[in-house]
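Excluded from the calculations below are hydrogen atoms, water molecules and symmetry mates; all remaining heavy atoms, backbone and side chain alike, are included.
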Amino acid sequence: MIPSAPVKNLDVARRLGARRRFMDKLVRLLCIAAMLAGLFFLASILFTLLWRGLPALDLHVFTTEFQPTTYGDDTALRGGLMHAITGSLIQVVLATLIGTPIGLLVGTYLAEYARASALGNAVRFVSDVLLSAPSILIGLFIYQLIVLPMGGFSGIAGVLALAVIVIPVVVRTTEDMLQLIPNTLREAVMGLGAPKWKMIMLVCYKAAMSGIVTGVLLAIARIAGETAPLLLTSFGNNVNSFNLGSAMSSLPIAIYQQANSGFPDLIAIAWTGALIVTLGVLAINVAARTLLKTRG
């Protein structure tokens, strides 16, 4: 016997269709509302930074060190942020140079040599913990490891703290990008007689290069605005210094110190510093998005 086809109930179908259309419209409206709320807060932050930071943004900010202020005195020298910009560039560049090779090698190990091993899972777990750990904990770790034995704050400690933050970001990005490469490509290269290390260097890295560079740029964007670990490591000063063995200033530290000074002219410089950091991080993120889009 051939079973009869189910009979369609038009009333039930109408009610289900109306409910589905209602839920679709409701979820769509909630998504649009969430998007508009996020854009509103982002636009308000950018507008506030531009409104408060642009008035003091000039060449003087980039060419002058900190100057003690006497508010209301027309003869007082207006200070700048050259010392903080220089310190930030030195620490961020050195931290990137230290953390990127380590993260690249660890990510390569996890993706190519230890995908399902116990050691690989342990390394991956530790990397994920570091990736989500508050930066102040990393600052405390470097404070105990470097600052106390050296007897004082130093740029070296700040560089190492930022490098520890860079490593897990590069590890995660490198592993993810290498895992996206088809295994057939690896098998083809290995079938031609190439050793595994040469296959990784000449094929895998080349195929995943834009994604890896994107991860490095995102890591730079993260450490560029870090304040908490630098308060416990490099601490900051008010002069332009290239000595990594002593306290070294940075833009986040200068913003923190001048915003709490109570002097309107120094607070204006702090807003300008915040604008510089934001524009720098925004430029890095745009570059990362562009590379990722080009890769896709």
Side-chain angles (χ1 to χ4, degrees), residues 39-97 135 153-155 158-159 161-162 216-231 233-244 246-290:
L39 290 177
F40 170 76
F41 289 116
L42 177 61
S44 64
I45 292 173
L46 292 177
F47 174 77
T48 303
L49 286 173
L50 292 172
W51 176 47
R52 302 293 296 271
L54 279 178
L57 183 62
D58 53 19
L59 187 62
H60 188 80
V61 172
F62 298 93
T63 58
T64 309
E65 299 176 1
F66 172 83
Q67 296 288 346
T69 184
T70 304
Y71 185 66
D73 185 357
D74 294 336
T75 63
L77 297 176
R78 185 170 72 86
L81 293 170
M82 183 179 69
H83 62 297
I85 296 173
T86 302
S88 282
L89 289 175
I90 292 174
Q91 295 178 76
V92 169
V93 169
L94 291 180
T96 305
L97 292 177
S135 59
F153 301 103
S154 64
V159 169
L162 297 180
V216 175
L217 293 177
L218 293 176
I220 295 173
R222 179 180 175 184
I223 64 176
E226 286 290 349
T227 306
L230 298 182
L231 282 172
T233 53
S234 59
F235 190 71
N237 58 27
N238 295 325
V239 295
N240 196 25
S241 175
F242 297 90
N243 183 12
L244 291 172
S246 61
M248 180 174 288
S249 184
S250 62
L251 269 174
I253 298 296
I255 294 169
Y256 172 78
Q257 292 174 341
Q258 298 193 24
N260 291 324
S261 65
F263 295 100
D265 50 348
L266 293 184
I267 293 175
I269 296 296
W271 278 108
T272 302
L275 178 61
I276 294 173
V277 172
T278 303
L279 293 179
V281 172
L282 182 62
I284 293 174
N285 277 277
V286 169
R289 296 281 184 179
T290 304

Taking side chain as C-beta onward, heavy atoms only, is [X] less than 4.5 Å from [Y]?
| X | Y | result |
| --- | --- | --- |
| Thr233 | Leu162 | no |
| Leu94 | Leu244 | yes |
| Leu57 | Phe62 | yes |

Approximate separation, where rounding is to 0.5 Å, of [X] [atom1] and [Y] [atom2]:
| X | Y | atom1 | atom2 | value |
| --- | --- | --- | --- | --- |
| Thr48 | Trp51 | OG1 | CH2 | 7.5 Å |
| Leu217 | Arg222 | CG | CZ | 15.5 Å |
| Gln257 | Leu266 | CD | CG | 10.5 Å |
| Asn240 | Thr86 | CG | OG1 | 4.0 Å |
| Ile269 | Ile255 | CD1 | CD1 | 11.0 Å |
| Asn238 | Ile253 | CG | CD1 | 11.5 Å |

For the student: nearest non-hydrogen atoms of [X] and [Y], plus distance:
| X | Y | result |
| --- | --- | --- |
| Ala224 | Pro252 | O-CG, 3.6 Å |
| Gln258 | Leu81 | NE2-CD2, 3.8 Å |
| Ala274 | Leu49 | CB-CD2, 3.8 Å |
| Val239 | Glu65 | CA-OE1, 3.7 Å |
| Met248 | Gly155 | CB-CA, 4.1 Å |
| Ala56 | Ala268 | CB-O, 4.1 Å |

So, does [X] use its side chain to make a donor-acceptor pair with the main chain of [Y] at under 3.5 Å?
| X | Y | value |
| --- | --- | --- |
| Asp58 | Val61 | yes |
| Ser154 | Ala247 | no |
| Ser88 | Leu251 | yes |

Would you kindly say whether Gln91 and Ser250 are connected by a side-chain donor-acceptor distance under 3.5 Å?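 Result is no, nothing qualifies.
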Other residues, nucleotides, ligands: >12 heavy atoms within 6.0 Å of Phe235 CZ: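 Atom CZ in Phe235 is not packed in, count stays at 12 or less.
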